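To find a chain, count down the sequence lines: A is the first, B the second, and so on, and within it residues start at 1. These numbers come from a predicted model, not from an experiment.
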2 protein chains.
Amino acid sequence: MAYGMALAVLADPTRRKVFERLRTGPRAVNALAAGLPVSRPAVSQHLRVLKEAGLVEERSEGVRRIYSVRREGLAELRDWLDSFWGDALDAFKREAERSHRERGRK
Amino acid sequence: MAYGMALAVLADPTRRKVFERLRTGPRAVNALAAGLPVSRPAVSQHLRVLKEAGLVEERSEGVRRIYSVRREGLAELRDWLDSFWGDALDAFKREAERSHRERGRK
DNA sequence: GCTTACCGTAAGTCATGGCTTACGGAATGG
DNA sequence: CCATTCCGTAAGCCATGACTTACGGTAAGC
């Protein structure tokens, strides 16, 4: 039921914005909070929630904490989402969508 | 930005449970609310939110309202999720791990 | 040493939204 | 025509959580 936690965590707009900023690569809290309409502690709290949900991972680099996305945390949510295309009646359509989606992955 | 609304809508556990019950096929509100730990009006409110988000569609059948999943509402969310499997992210992570190894253990 | 930068945590405030009960409208059956 | 079934809506209560300010702790530079 980890996809439920991923959904709840990614539901918040500012937290999702923080998460999306990590899509281009790992960043420090300082850089993540820059430009956001909330304070830096708020970003820290969001990162804490993201980490507890397994969506990001953290590493220390001197005095900075570098955060990066953890794709394993997203995998279960993606599988759950795909389960709505699992109808036997739409098997043909499902296969077409899936092969189209695999373009550009891995 | 419709994936944000889909995330917010699917974040609620009971609402997600209602949505999952529609995965096997269209159902009436009566059947959807049966067995759930909440009242029937609560289910109606959830269905209203799901409909406004474009995740379900409704049709009248006599005195009953039949709801069914709308996969187009899930498509954008799925695409957003897949955007985290880009090649750029892989390159960043590999580089980060490599430089971290070269620096030696902490 | 001292200072500065970077970050996490605590406590408290306040809005959001999910739930309930109560009600009203529309279609079917007798 | 009346009762019943099925459902949406309104009003109100209350818990959750997102945000702020204030503080403490740690690493690097002087």
Side-chain angles (χ1 to χ4, degrees), chain A residues 1-2 4-22 25-70, chain B residues 1 4-22 25-70 96 99-100 103-106:
Chain A
M1 203 172 359
M5 187 177 302
L7 281 169
V9 163
L10 294 174
D12 183 72
T14 64
R15 184 160 50 215
R16 190 170 57 245
K17 207 170 245 177
V18 170
F19 187 67
E20 286 175 343
R21 286 196 174 192
L22 289 174
R27 298 198 183 272
V29 181
N30 214 11
L32 290 172
L36 288 183
V38 296
S39 65
R40 182 199 50 79
V43 175
S44 273
Q45 292 170 2
H46 283 310
L47 287 168
R48 172 187 168 92
V49 175
L50 286 167
K51 183 183 176 184
E52 286 175 358
L55 294 176
V56 301
E57 52 191 0
E58 168 202 357
R59 109 179 92 99
S60 286
E61 197 164 292
V63 70
R64 304 189 189 169
R65 314 288 178 89
I66 310 294
Y67 286 88
S68 53
V69 302
R70 201 172 154 276
Chain B
M1 205 174 350
M5 188 177 301
L7 281 168
V9 164
L10 294 174
D12 184 72
T14 64
R15 184 159 51 213
R16 191 169 57 245
K17 209 171 241 176
V18 170
F19 187 67
E20 286 175 344
R21 287 195 172 192
L22 290 174
R27 297 191 183 261
V29 181
N30 215 10
L32 290 172
L36 289 183
V38 296
S39 65
R40 182 201 50 79
V43 176
S44 273
Q45 292 170 2
H46 283 311
L47 287 168
R48 172 188 168 90
V49 175
L50 285 166
K51 184 182 176 186
E52 286 175 356
L55 293 176
V56 300
E57 52 190 1
E58 167 202 359
R59 77 168 182 268
S60 286
E61 198 164 290
V63 70
R64 303 187 190 171
R65 315 287 177 90
I66 311 295
Y67 286 88
S68 53
V69 302
R70 200 172 154 276
S99 62
H100 182 262
R103 205 175 301 113
R105 267 180 47 84
K106 169 164 171 248

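Considering CG of B/L55 and CZ of B/R70, their distance stands at 8.5 Å, rounded to 0.5 Å. Note that CG of B/L32 and OG of B/S44 are 9.5 Å apart. Values are rounded to the nearest 0.5 Å.
Separating the CZ atom of A/R65 from the C1' atom of C/dG8 is a distance of 7 Å, rounded to the nearest angstrom. Straight-line distance from the CZ atom of B/R59 to the P atom of D/dG8: 14 Å, rounded to whole Å. One interatomic measurement links the two molecules: OH of B/Y67 to C1' of D/dC6, which rounds to 12 Å at whole-angstrom precision. Here D/dC6 presents its P atom at 16 Å from CZ of B/R27, a figure rounded to the nearest Å. One can place CG of A/L32 at 12 Å from C1' of C/dC7, the figure rounded to the nearest angstrom. Rounding to whole angstrom units, CG of residue A/N30 and P of D/dA27 are separated by 18 Å. Look at CD1 on A/I66: it is 7 Å from P on C/dC7, rounded to the nearest Å. The interatomic distance linking A/R64 (CZ) with C/dC6 (C1') rounds to 8 Å, in whole Å.
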Classify every nucleotide of nucleotides 17-30 of chain C by which part a protein heavy atom approaches to under 4.0 Å, writing B for the base, S for the sugar-phosphate alone and - for neither, in 5'-to-3' order.
-SBBBB---B-S--
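Residues B/T14 and B/L36 fail the side-chain proximity criterion, which asks for heavy atoms closer than 4.5 Å. Between A/L7 and B/L7 the shortest side-chain heavy-atom distance falls below 4.5 Å.
With B/R65 contributing its side chain and B/S60 its backbone, the two residues share no donor-acceptor pair below 3.5 Å.
Residues satisfying the side-chain contact (heavy atoms from CB on, under 4.5 Å) test with A/V56, not counting sequence neighbours, are A/F19, A/L22, A/L50, A/K51, A/Y67.
Of the candidate nucleotides C/dC7, D/dT9, D/dG8, D/dT9 has the atom nearest to the side chain of B/R48.
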